[in-house]
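Please read the structure below before turning to the comments.
Since this is a predicted model, take the numbers as computed values, not measurements.
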Amino acid sequence: MPAMPDYLRISTGIMEAVRSGNLKPGDKLPSIAQLCEQHKVGPSTIQQVFIRLEALEVIDRHQGKGVFVTDPDTWMRKP
């Protein structure tokens, strides 16, 4: 079985952190640089993570302010 791509592994981990309550609605995610260092990936990978999570409505990005967790009730009920 092929390994899971980094962006999928990281975004799944963030979603699990929200589901488990380790990340709560309104929590600010670390910066791209911090996530790159933490996961040993490049900025383009973290951008892919953010694009995926934003499309799934898990996060909201606010230019100049950061990336924030949304209410999981919004996205966990979707099919």
Without swapping roles, check the side chain of Lys28 against the backbone of Val69 for a donor-acceptor pair under 3.5 Å. no

State yes or no: do Leu56 and Val18 share one hydrophobic cluster built from I, L, V, M, F, W and Y residues joined by side-chain heavy-atom distances below 4.5 Å, directly or via other members? yes

Within the 4.5 Å heavy-atom criterion, are Phe50 and Val67 side-chain neighbours or not? yes

So which heavy atom on Cys36 is nearest to which on Gly42, and how close? SG-C, 3.5 Å

Please identify which of these residues, Val41, Leu35, Leu53, meets the side-chain contact (heavy atoms from CB on, under 4.5 Å) condition with Ile10. Val41

For the pair Gln34 (side chain) and Ser31 (backbone), establish whether a donor and an acceptor sit closer than 3.5 Å, ignoring hydrogens and angles. yes

Ile59 side, atom CD1; Asp27 side, atom CG - distance, nearest 0.5 Å: 13.0 Å

Would you say the side chain of Arg52 lies within less than 4.5 Å of the side chain of Met15, judging by non-hydrogen atoms? yes

Taken to the nearest 0.5 Å, the spacing of Asn22 CG from Glu16 CD works out to 10.5 Å

Check whether any side-chain N or O of Ser11 sits under 3.5 Å from a backbone N or O of Leu8 as a donor-acceptor pair, and report yes or no. yes

Interatomic spacing from CG in Asp71 to CG in Asp60 - rounded to 0.5 Å: 11.0 Å

Got Gln47 and Ile32 here, is their nearest side-chain heavy-atom distance under 4.5 Å? yes

Interatomic spacing from CD1 in Ile51 to OH in Tyr7 - rounded to 0.5 Å: 10.5 Å

